[in-house]
Amino acid sequence: MPQTRTSTPLEDGYRMPAEFEPHRGCWMLWPERGDTWRMGAKQAQAAFAEVAAVIAAFEPVTVGASRGQWENARAMLPDAVRVVEISSDDAWMRDVGPTFVINEGQETRGVDWHFNAWGGLEGGIYFPWSQDSMVARKVLEIEGADRYRAPLVMEGGSFHVDGQGTLITTEECLLNSNRNPQLTQQQIEASLKTYLNMHKVVWLDKGVYMDETDGHVDNLCCFVKPGEVLLTWTDDPDDPQYEISRQALEKLSAATDARGRSLVVHKIHQPDPMVVSAAECEGLDASETAKPRKAGDRLAASYVNFYIANGGIVMPLLDDTHDRAAMDLLARLFPDRRVVGVRSREILLGGGNIHCITQQIPMG
C-alpha cells in the first residue's frame, strides 16, 4: 500500500524529471464550476474533452470527475480515457495534483504541496479549496505511489525543470506574501532543491501580464531540452508584457544551468492582446466566494502553456494571427514530436490553458 514518507526525495535519491522525458500517462480534472466556466461549463467541457482525446493518442489519460459529473464526463470522453470519481473545487490538475519524482530504478513517488487557491484569503481565486487540497493524495493512492508532504504552499505550474538539476520560477509567485510569508527566498529555494532534487534555481522577476496565478512560470517560459528554453515574447514596446519578457530575457541570457551551460533562449511571440467579452462574463454564475471576472479584463494568453506528451506537443490555438507561426516554431523545436493544436479560448477564459489542466506521470 502507498505510504506517506517522513524522509525527502533528496534523501531517498528521487528527482523530478523534465516534462520531455518519457511518460506513463497524464492526469486531468473535469470542469464544472459555474463561476469559473461559463454556461454551465459546457464549452469548457468540450475543450477539455478535446485536449484529453488528443493526449490519449500519445499516452494514457485519466480524468477525475465529481460524482455528479462522472456520467457526463464518461459520455463526452473517448473510451480510451479512464474516468475516475474524484471531488475537487475546480479543474487545475497541474496546480492541485502531485508532482511526480523518480529514482534511478524508475520507481515513482509524488510530492504533495500545500494548496491555498493561489493566495488564500489574500488574493486567492476562490474559497473554499478543501477538496482541491486532497486531490494530490487521492491521485497518488490510485497510482500506488508513495507520498512526500512538502512544507510549502506551492502549485505545479509555478516551476519548470530540465531533468538535470535546473529549475526556473518567478519571484512574483514564489516570493508572494500570500504563499509562504514566513520563509525567505533562500529557505524556499532550499525546499525546492530538497523536494525536487534540484541543484540550481533560476529566478525570473514576473510571469505573464495579468496572470491571476501571480505569475506562474509555465505561462511564461519552459525548457524545450536541457540548456534551451522557450520564452513568451512581444515586439510591441507599448505592451506591458514587453518589459516583463525583456527582463526575463536578460536573466535567462545571464544564467547558467546546474551543469554550467549558458541557456539558449528561443522567443515565441504571444497572441495579440485578448480581453474577456461582455457575453463571456454574462455566462458566469454569480458568486461571493470566487474572484469576479469583468468584461474588458486582459487574458493571460500564451503559447508556452502547452503539454509535452510522448511523441507529441498539444498546444493552444486562439484563432489569432500568431497561431500558425507558434505552431511552426514548436515543430522546429520538437522535430521528433507531432504538434497538435487545440482551440482553447474556453480554457483561457477560466484562467489558464492546456499545461495548467494536465499533469504528467513520468515513466516508472
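Residues take their numbers from the sequence shown, with the count starting at 1.
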For this session: State yes or no: do Val342 and Leu317 share one hydrophobic cluster built from I, L, V, M, F, W and Y residues joined by side-chain heavy-atom distances below 4.5 Å, directly or via other members?
Result: no
Problem set entry | Single-linkage hydrophobic cluster, 4.5 Å side-chain cutoff, Phe115 and Tyr148 together | no
Exercise. Which of these, Trp30, Trp92, Tyr307, sits in a side chain to side chain contact (heavy atoms under 4.5 Å, CB included) with Ile357?
Worked result: Trp92
Exercise. Testing Leu174, Asn176, Val153, Asp218 for side chain to side chain contact (heavy atoms under 4.5 Å, CB included) with Ser158, which one passes?
Worked result: Leu174
For [X] and [Y], does a side-chain donor sit closer than 3.5 Å to a side-chain acceptor?
| X | Y | result |
| --- | --- | --- |
| Trp70 | Asn72 | no |
| His199 | Gln164 | no |
| Glu228 | His266 | yes |
| Ser66 | Glu32 | yes |
| Ser245 | Gln241 | yes |
| Ser287 | Asp35 | yes |
| Glu189 | Gln185 | no |
| Tyr14 | Asp146 | no |
| Asp95 | Trp118 | yes |
| Asp323 | Tyr303 | yes |
| Thr99 | Trp113 | yes |

The criterion is side-chain hydrogen bond (donor to acceptor under 3.5 Å, both in side chains); which residues satisfy it with [X], sequence neighbours excluded?
| X | value |
| --- | --- |
| Gln360 | Arg94 |
| Arg298 | Asp239 |
| Lys200 | Thr256 |

Problem set entry | Aromatic plane relationship, Phe48 with Trp37 - under 30° parallel, 30 to 60° tilted, over 60° perpendicular | perpendicular
Exercise. Would you call Glu346-Arg38 a salt bridge at under 4.0 Å N-O?
Worked result: yes
Exercise. Donor-acceptor pair, Asn219 side chain versus Asp211 backbone, under 3.5 Å?
Worked result: no
Exercise. Rounded to the nearest 0.5 Å, how far apart are CG of Asn116 and OG of Ser133?
Worked result: 8.5 Å
For this session: Calculate, to the nearest 0.5 Å, the distance between atoms CG and CZ belonging to Leu330 and Arg337 respectively.
Result: 11.5 Å
For this session: Take Glu250 and Ser253 through the test side-chain hydrogen bond (donor to acceptor under 3.5 Å, both in side chains) and record every step on the way to the result.
Result: CA-CA 5 Å; Glu250 287 185 1; Ser253 298; over 6 Å; no
Exercise. In a check of salt bridge (Lys or Arg N to Asp or Glu O under 4.0 Å) between Asp112 and each of Arg137, Lys138, Arg147, which one passes?
Worked result: Arg147
For this session: Search all heavy atoms of Pro271 against all heavy atoms of Ala301 and return the closest pair with its distance.
Result: CD-O, 3.7 Å
Exercise. Shortest non-hydrogen contact from Pro226 to Asp162?
Worked result: CG-O, 4.0 Å
For this session: Test salt bridge (Lys or Arg N to Asp or Glu O under 4.0 Å) on Glu212 and Arg293 and set out the steps.
Result: CA-CA 11 Å; Glu212 62 187 25; Arg293 301 180 185 278; 3.1 Å; yes
For this session: Using the ring-ring contact (aromatic ring centres under 6.0 Å, His included) rule, take His355 and His160 through it: C-alpha gap first, then chi angles, then the decisive distance, then the call.
Result: CA-CA 11 Å; His355 194 259; His160 263 304; 4.9 Å; yes
For this session: Side-chain contact test, heavy atoms from C-beta onward, threshold under 4.5 Å: evaluate it for Leu333 versus Leu329 and give yes or no.
Result: yes
Exercise. Do Arg24 and Thr108 have side chains that get closer than 4.5 Å, going by heavy atoms?
Worked result: yes
Problem set entry | More than 12 heavy atoms from other groups under 6.0 Å of CZ on Arg343 | no
